[in-house]
Amino acid sequence: MSEKRILLGNESIARGAYEAGVKVSAAYPGTPSTEISESIAKYDEIYAEWSPNEKVAAEVAIGASIAGVRAMCCMKHVGVNVASDPLFTAAYSGVGGGLVVVAADDPGMYSSQNEQDSRMVARAAMIPVLEPADSAEAKEYMKAAFELSEAYDTPVMVRSTTRLSHSQGLVELEERVERETVPYQRNISKYVMMPANAIKRHVVVEERMKKMAEDACTMPVNRAEYRDLSVGFITGGIPYQYVREAMPEASVLKLGLVHPLPRKLIEEFAARVDRLYIFEELEPVIEEQVKSWGILKAVGKELFTVQGEYSANMIRERVLGQRGQIQAQAQVPARPPILCPGCPHRSVYSVLSRLKIHAAGDIGCYTLGALAPLSVVDTTICMGSSISTLHGMEKARGREYIRDWVAVIGDSTFLHTGINSLMNMVYNQSTGTVVILDNSTTGMTGHQDHAATGKTLKGEVVPAIDITKLCRSLGIEHVYEVSAFDQEGLAEAFRRETQRDAVSVIITKAPCVLLKGVTFPDKCVPVSEKCKKCGACLRPGCPALTKNDDGTVSIDETMCNGCGLCAGLCKFGAIETRKAGRV
C-alpha cells in the first residue's frame, strides 16, 4: 500500500530524484533551492554534497553522468549563471546516465539580487525544460526528466519557482527504482569538446531538439483541457494554478515541457479557442515563439507584467475586469530585514561606520550592512564580487582613492568565488584590504556547512579548510584574525591595514548567533540612573534595544543574546552584562 505525505515542492523534487534511482547529487545552497539538497541528504542511497559553487556542482554531476549513473545538480537562478559554462557544453556532449539540473527561479526577488528566467538560459544552451505546477508533479517530473535525459541523450532542466519550492502539496510516495549503471565506453568525439568534435555535436543537438519538439505534441506532460472555448490559456508551472482558480471554466493548454514547445499542439489549441492568453511569469519565452508562428491573436505581456509573481487576482483584474470586487489586502506594518541580535557582522560594521570606511559588499546576510543605521556597504553585485570590485576601483583611481574602502565577504562566499578574486589582486599587484566575515556557516540560506566548517552535507566530520593559511598560501604577507566583537582590535586593524600599500586580509571571527550550540552566558541589562542619553548604544541598530520616552534605553531580554556590543559602546557603565536570569 502506497503512502501519501504533504511535502514541500523542494522535498518532492528530492523524493522524485530518490525514486528515479539517482546516485549523485551536488549543489551550492541558495534560496529557494536549498531544501532540495537538505532533503536528498537524508537518503542513504544517494551521495549528496555541498560543492563550493554551482559550476563545481554541475561538473560533479556531469562527471557522475559520464561514469554511467543518474546524477543531478541543484541551484537558484543566479547559480545557473555560475554553472552555465559546463552546462552549455554538456548539452553538446550529452549524457551517460541521466543528468538533471534543477533551477529554482525567484519571481518577486524575495531573496535575490535580480529577477531572471532560467528558461531563457536553457533555450540558449539548447537544454529541454520541464516545469511542474505542484508538489505531486514536482516528484513525477523529476522522474520524467531522467527518462527524457536518457532517451534523448541530453541534460534536462527542471525549473521551479519560489512559490512551488516553498508550497506544500499531497504527494504519493513510491519505491525507489535502482538503475543499472551504464557501462562506460571511451568516446572521444562525444566527450572531448575540442572544436572539431563540437562542430559535429552541434548538429546532433539541433536534430535532437527538433525531434523532441515533434514528440512533445504527444507527451503526457503537455495536455489540452478543453472547457469553455470562448477563452483559452497557454500556461504551465505555478501560473497554471492561478488560471484554474480564477477561471475554472476556461480552456487551458497546460505545458509541462516548456522548451522545446509542441508547435502542432499549440496551433490546434489556438485554432479552437476564441480568445487566447499566454500566462507565464517573467519573460515572454512561450509568447515570443507562439507569435513567431503567426498566432497573433495571443495576448501576453501587453496585458501581463514581466515583473514579479503572478496571481489569480491578476487574471480577475486584467481579464475579467473584477478589480472592484477583489478584497483589498490588509495593510500591515513594513518589516525591513535586519541583522539578528548578537550578530557578529553588526559589531564589525559598527566599527567601519565609526571610522567612516566604505565597503564593497557581497552576497550574504552581511549585505544588510547597506541599510541604516550602519550604512556601510556601498556596492553589491554578485557572489565573490566584492574583492574584484575593490580591485577595479584601485586600478581605476589609484591607491589613495581606496584608503577609506574595504571589501567585505563571508566565509562561504569567499570559498564560493572569492578565492579567485583575491588571487587576482595578488597576481595583478593590487593594494587594498579584504575583510572576511567568518561566522562559520552559510548563514543567509539557513546555516549550511561548507569546506571551512569541517562537516559535509551528510554530516561527516572532515578536515576543515584553514582560511588564514589559504590566504597566506597566495603570497599575502599581511593576514590577521580578530574577534568580531573586539571593537578596539578591529579599529586598530582597519586603521592600519587600509593605509598599507599592499594586499591585506582581516578575518573577523565569531560564529553566527543562530548556530546550534552557540550561546552567550550573559544578558545585557540597562542601568537607567547611569544613562547619559547619548545614544551610543543605539547606533549599531540592535533590535533588542529601544529608546524610552525619557531618552534612556530599554533592552528586551527575550531578544538579547548578550553579545555585549552595546555595553562595550557605553562609556558610562549604563549597560551591564549579567548572568542570564539574574536580577
Contacts table for residues 374-383: side-chain donor-acceptor under 3.5 angstrom, sequence neighbours left out:
from	atom 1	to	atom 2	distance (Å)
D378	OD2	H358	ND1	2.8

Query - side chain to side chain contact (heavy atoms under 4.5 Å, CB included) assessment of R123 paired with V285 - result: CA-CA 9 Å; R123 187 168 71 175; V285 175; 4.1 Å; yes
Lys/Arg-Asp/Glu bridge criterion (N-O < 4.0 Å) met for [X], [Y]:
X	Y	value
R5	E172	no
E281	R119	no
R179	E19	no
E309	R163	yes
E283	K301	no

Looking only at the side chains, is there a donor atom on one of [X] and [Y] sitting less than 3.5 Å from an acceptor on the other?
X	Y	answer
K76	S112	yes
N10	E38	no
E11	S39	no
D105	T161	no
S165	S160	yes
S412	T442	yes
D117	H77	no
H391	S430	yes

Are the side chain of [X] and the backbone N or O of [Y] linked by a donor-acceptor pair below 3.5 Å?
X	Y	value
K395	N428	yes
R472	V479	yes
S65	G96	yes
D106	Y110	yes
E245	A312	no

Should [X] and [Y] count as side-chain neighbours, where that means a heavy-atom distance under 4.5 Å?
X	Y	result
Y240	L255	no
L8	S135	no
L164	P32	no
I62	L99	yes
L565	P540	yes
C73	V102	no

Quick one: closest heavy-atom pair of [X] and [Y], and the distance?
X	Y	value
P29	T445	CB-OG1, 3.5 Å
V56	S51	CG1-CB, 4.0 Å
A484	L490	O-CD1, 3.3 Å
A64	A71	CB-CB, 3.7 Å
I286	I234	CG2-CG2, 4.1 Å
T433	S504	OG1-OG, 3.1 Å

Requested in this report: Start with the C-alpha distance between Q116 and N81, add both sets of side-chain angles, then the distance that settles side chain to side chain donor-acceptor pair (under 3.5 Å), and finish with yes or no.
Outcome: CA-CA 10 Å; Q116 67 187 53; N81 302 336; 2.9 Å; yes
Report summary line: Hits for side chain to side chain contact (heavy atoms under 4.5 Å, CB included) against K55, two or more places apart or cross-chain, chain-then-number order -> N53, E59, V82, D85, P86
Query raised in the report: What do the steps show when you test T154 against M212 for side chain to side chain contact (heavy atoms under 4.5 Å, CB included), and what is the final call?
Result: CA-CA 11 Å; T154 179; M212 186 176 285; 4.2 Å; yes
Query raised in the report: Taking atom NZ of K455 as the centre, does the number of heavy atoms from other residues, nucleotides or ligands within less than 6.0 Å exceed 12?
Result: no
Report task. Check whether more than 12 heavy atoms from other residues, nucleotides or ligands sit under 6.0 Å from atom OH of Y427, and answer yes or no. Result -> no
Report task. Applying side chain to side chain contact (heavy atoms under 4.5 Å, CB included) between F414 and each of L437, I507, L470, V505, report the one that passes. Result ->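 So the option named by the test is L470.
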**Report entry** Pairs meeting criterion ring-ring contact (aromatic ring centres under 6.0 Å, His included) with involvement of residues 11-31, two or more places apart
**Finding:**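 Checked against ring-ring contact (aromatic ring centres under 6.0 Å, His included) - neighbours excluded - the pairs reaching residues 11-31 are Y18-Y43, Y28-H416.
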Requested in this report: Can you run down the ring-ring contact (aromatic ring centres under 6.0 Å, His included) pairs that involve residues 121-166, sequence neighbours left out, and say none if there aren't any?
Outcome: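 Residue pairs with at least one partner in residues 121-166: there are none.
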Hey, what do you get for [atom1] ([X]) to [atom2] ([Y]), rounding to the nearest 0.5 Å?
X	Y	atom1	atom2	result
I387	S421	CD1	OG	5.5 Å
T34	W50	OG1	CH2	5.5 Å
I363	I409	CD1	CD1	10.0 Å
Q113	S385	CD	OG	8.5 Å
L130	E140	CG	CD	12.0 Å
S311	I238	OG	CD1	12.5 Å

Query raised in the report: Checking side chain to side chain contact (heavy atoms under 4.5 Å, CB included) for the pair L173/R15: CA distance, chi angles, key distance, verdict?
Result: CA-CA 8 Å; L173 307 187; R15 181 68 192 190; 3.9 Å; yes
Query raised in the report: In chain order, what residues pass the salt bridge (charged side-chain N to carboxylate O under 4.0 Å, His left out) check against D153, with sequence neighbours excluded?
Result: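 Listed in chain order: K190, R201.
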Requested in this report: Just jot down the salt bridge (charged side-chain N to carboxylate O under 4.0 Å, His left out) partners of E178, sequence neighbours excluded, or say none.
Outcome: R176
